[in-house]
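Remarks on the structure that follows.
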2 protein chains.
Amino acid sequence: MLHLVISTIGEISWLCQFKTSLLLSRRRAALNNLKKEQWTNNEPNKKQDILMKNQKRTTIYDIAKKLNLNASSVSRALSNNSNVSEATRKLILDTAKELNYKQNSLASNLRKGHNQTIGVIVPRINQNYFADVIAGIEEVTYQKGYNLVICQSNESSAREVKCVNTLINQHVSCIVISLSADFEDDKHLQTIKEHGIPLIQFDRVAEHLDTFKVLNDNEQASIDAVSHLIEQGYKRIALLEGPQNLNIFRQRKAGYLAALKKYKVPVLPELIKENAWTKELGAESTKELLNLAEPPDAIFASTSDFSALGVLEVATKMGLKVPEELGICGYSNEAFTEITSPSITTIDQYSVSMGKTIANLYFQEIESSEKDNNPKIVSIKPKLIVRSSTLRNKTEGY
Amino acid sequence: MLHLVISTIGEISWLCQFKTSLLLSRRRAALNNLKKEQWTNNEPNKKQDILMKNQKRTTIYDIAKKLNLNASSVSRALSNNSNVSEATRKLILDTAKELNYKQNSLASNLRKGHNQTIGVIVPRINQNYFADVIAGIEEVTYQKGYNLVICQSNESSAREVKCVNTLINQHVSCIVISLSADFEDDKHLQTIKEHGIPLIQFDRVAEHLDTFKVLNDNEQASIDAVSHLIEQGYKRIALLEGPQNLNIFRQRKAGYLAALKKYKVPVLPELIKENAWTKELGAESTKELLNLAEPPDAIFASTSDFSALGVLEVATKMGLKVPEELGICGYSNEAFTEITSPSITTIDQYSVSMGKTIANLYFQEIESSEKDNNPKIVSIKPKLIVRSSTLRNKTEGY
DNA sequence: TTAATTTAAGCAATCGATTGCGATAAAAAT
DNA sequence: ATTTTTATCGCAATCGATTGCTTAAATTAA
């Protein structure tokens, strides 16, 4: 057995590209020796391993031939359906096990005209929120014997289009999507509908498009957050906002404005910062905000908790006391918000539940009744999690 | 369009189960009304939507028929392969677009005898490490036009077996797996090999099994971590260890022991705590350790950063100064380790790179050369990230 | 004992794309 | 003008499972 040890990042990236190199060729040489050995001393198991590769998998025809039966009977016995005598069924099941038979889902699905698979397209698989949603979807689909095909658009709509096409080709039973950040055109979503594939959008959606949707009530959540800030006595509340081509960020801004209006707090344009999505951008914007002649006394990082973290770090570095001198509220309830000091007030989106809701929407509303395909919208109200970073009046808290 | 608003956790779990309820039936009633409307006023697009469901998708035969050609020509034109005149090719491509043709991958793969799909089984999709690895795999497979089918075993080997069977049925080109926590039996992995499906194990592997493996050098990483602790002057170093049926935890323990031996530090059994995987268990073990007559002056939470976080919280609560009175080292380089106070020393596993390595291993070593299937092991050396939680000698650090 | 009914199993078409082989016509070579 | 080559395209089998229909056998009823 060969063993490669990689110890530096450089080597890893080399490995990732896997260019032919000295090491690799050396390995090949070693390999050839091994192969020779294999053919000379006839170890049975090794040989079997190799034969296995050229060997075709057993089909229902193999089972049928062995038992002098017709493939149709084998199929029926295996699908446990009808019109097979108990005796032959047992016979078939036994030989199936003996021959190590596994169904070919490709053939089965082709014939049956559907594919028990749900395709999921998200901007990034390894982003907490999306990973959670996917886990939730998987939890439910697994129970139903469905599989999940996962694609990531990497926040690029060009790539998103390709993912959509692949999934259409795969004849998936349903496509679940959350749009990439540079979303503009919904032609690819139309294509999905044109092919009769149920479409469920979640979180980042094309609002005008008439499809199933599972949403967070971003506006209400923002209202709650900003209201909380106001009730804590903050007067000048800044907003870090995300790309306005995405519905979620528009809604969060709307909520911010609505809350200010509700409490008759004037809207100050200089306190609204665009494009403060990441920790770095959040930090950047914070510096600008705090250097204003009249700086804010609270910042609502509506884009993400990472942004809020950037805010917190800058504030700490500038010697501002949080929450006394600056209130900070994030969005998403990332795990770390609980353990920063002070802990960060944020909004929980029930991401795993959201995934389950999505899957259940498919099974209960789409898969079951063929005709009744009137797109529904399910909105989940996120929950404000109040923590130290906004808790001026300690009496109110825990 | 219907709109459901969910506002409490209770309602969400209700929605997840989707029991028929008042609300649901009310929605149905509303729906029926809508349907009636639809049938009375013949909105063309709505009608089209409904027809779409019953309408079969266009196949190469449809294109062939329309052009008075044979399906084989259409197939050849579409696959861009051979023996089709430029004129008819253009004709075919145009009508394909016109008829909104999409290939049926099921049929194609069935005929070609393979499925450009890689199956991935992980304990939990929404765990940073695994999500990162999956993202890395996807990054590479996407480039190659392969798809990813993701399953989660939920740390249960029973479920893992089912996932394996599904993937075998799907005729995936390769199975990538990281074992569940209760791993004992490898029969299902044998089955994969018996079906001639390449198997790549990563991180948590069955060591004795002769398959491709992509590993982290856990032992070396632990040696580095514990050596670092010793060099920082810690004398009584405790270990929080994970389930010993998993190779990774055995190796981490081995590294711990090796480092102690190297520095001739005696091994004290009372400083080794089993099963301290989660934050809660880590905290629990820490309480026990710190209540010893001779408590440790450092704790290596080899299970995870979450465990280390538990340690930190207990230490802080007990008024112990970190790193002066207690050194803490975690494992995995979770995002939060950087922002705790003090920040936590940990070990980075290059998870995304690891995913890329896995995928490249498949493409370069397995897919390319059919015969040369001698399992290789790629070992990636993780990197110790020294942070404040173990930095007694400030001079050494940054 | 014969007719009616049930049960079990086979036959053959089907899902949609691919591909080796053969046929035809056009182009090139002799 | 005839033969050879080449370019196009059609034919039909194939991948493996499913399923409606038919037939043969077995069981029951008359």
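Contacts of A:Asp182 classified as salt bridge (charged side-chain N to carboxylate O under 4.0 Å, His left out), with partners at least two apart in sequence or in another chain: none. Not a single ring-ring contact (aromatic ring centres under 6.0 Å, His included) links B:Tyr142 to another residue, sequence neighbours left out. A search for side-chain hydrogen bond (donor to acceptor under 3.5 Å, both in side chains) contacts involving A:Ser79 returns nothing, not counting sequence neighbours. Considering only residues two or more places apart in sequence or on other chains, B:Lys112 meets the side-chain hydrogen bond (donor to acceptor under 3.5 Å, both in side chains) condition with none of them. Qualifying ring-ring contact (aromatic ring centres under 6.0 Å, His included) partners for B:Tyr146, counting only residues two or more places apart in sequence or in other chains: B:Tyr362, B:Phe363. With sequence neighbours left out, the salt bridge (charged side-chain N to carboxylate O under 4.0 Å, His left out) criterion links B:Glu160 to no other residue.
Residue whose closest nucleotide on DNA chain D sits further toward the 5' end, between A:Lys102 and B:Val84: B:Val84. Looking at which nucleotide of DNA chain C each of B:Ser75 and A:Arg89 is closest to, the 5′-most match is held by A:Arg89.
Counting heavy atoms of neighbouring residues, nucleotides and ligands inside a 6.0 Å radius, atom CD of A:Glu184 does not exceed 12 of them.
Using a 4.0 Å cut-off between a side-chain N of Lys or Arg and a carboxylate O of Asp or Glu, B:Arg204 and B:Glu155 qualify as a salt bridge. Ionic pairing of A:Asp62 and A:Lys66 is not present here: no N-O contact between side-chain nitrogen and carboxylate oxygen is shorter than 4.0 angstrom.
Across residues 104-117 of chain B, B:Leu110, B:Arg111 each have a non-hydrogen atom less than 4.0 Å from an atom of DNA chain D (numbered order). Near DNA chain C, meaning a heavy atom under 4.0 Å from it, residues 59-73 of chain A has A:Asn68, A:Leu69, A:Asn70, A:Ser72, A:Ser73 in order of number.
Inspection of the B:Asn115 and B:Gln170 side chains reveals no N or O donor paired with an N or O acceptor under 3.5 Å. Counted by atom type alone, A:Thr88 and A:Ser85 present one or more donor-acceptor pairs between their side chains at under 3.5 Å. No side-chain donor-acceptor contact under 3.5 Å links B:His188 and B:Asn165. Side-chain contact check for A:Glu139 and B:Asn154: at least one donor-acceptor pair (N or O, by modelled atom type) lies under 3.5 Å.
Reading DNA chain C from its 5' end, the first and the last nucleotide to sit under 4.0 Å from a heavy atom of chain B are C:dG16 to C:dG20.
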Review item, side-chain donor-acceptor pairs of residues 67-76 of chain A, under 3.5 Å, at least two apart:
residue: A:Asn70; atom: OD1; partner: A:Ser72; partner atom: N; Å: 2.9
residue: A:Asn70; atom: OD1; partner: A:Ser72; partner atom: OG; Å: 2.9

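End-to-end axis angle of the helix from C:dT5-D:dA26 to C:dT30-D:dA1, from C1' rotation axes over five pairs per end: 50° (rounded to 10 degrees).
Rounded to the nearest 0.5 Å, atoms CD1 (B:Ile358) and CD1 (B:Ile200) are 7.0 Å apart.
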Distances under 3.5 Å between protein N/O atoms and the N/O atoms of nucleotides 21-26 of chain D, please, pair by pair.
none

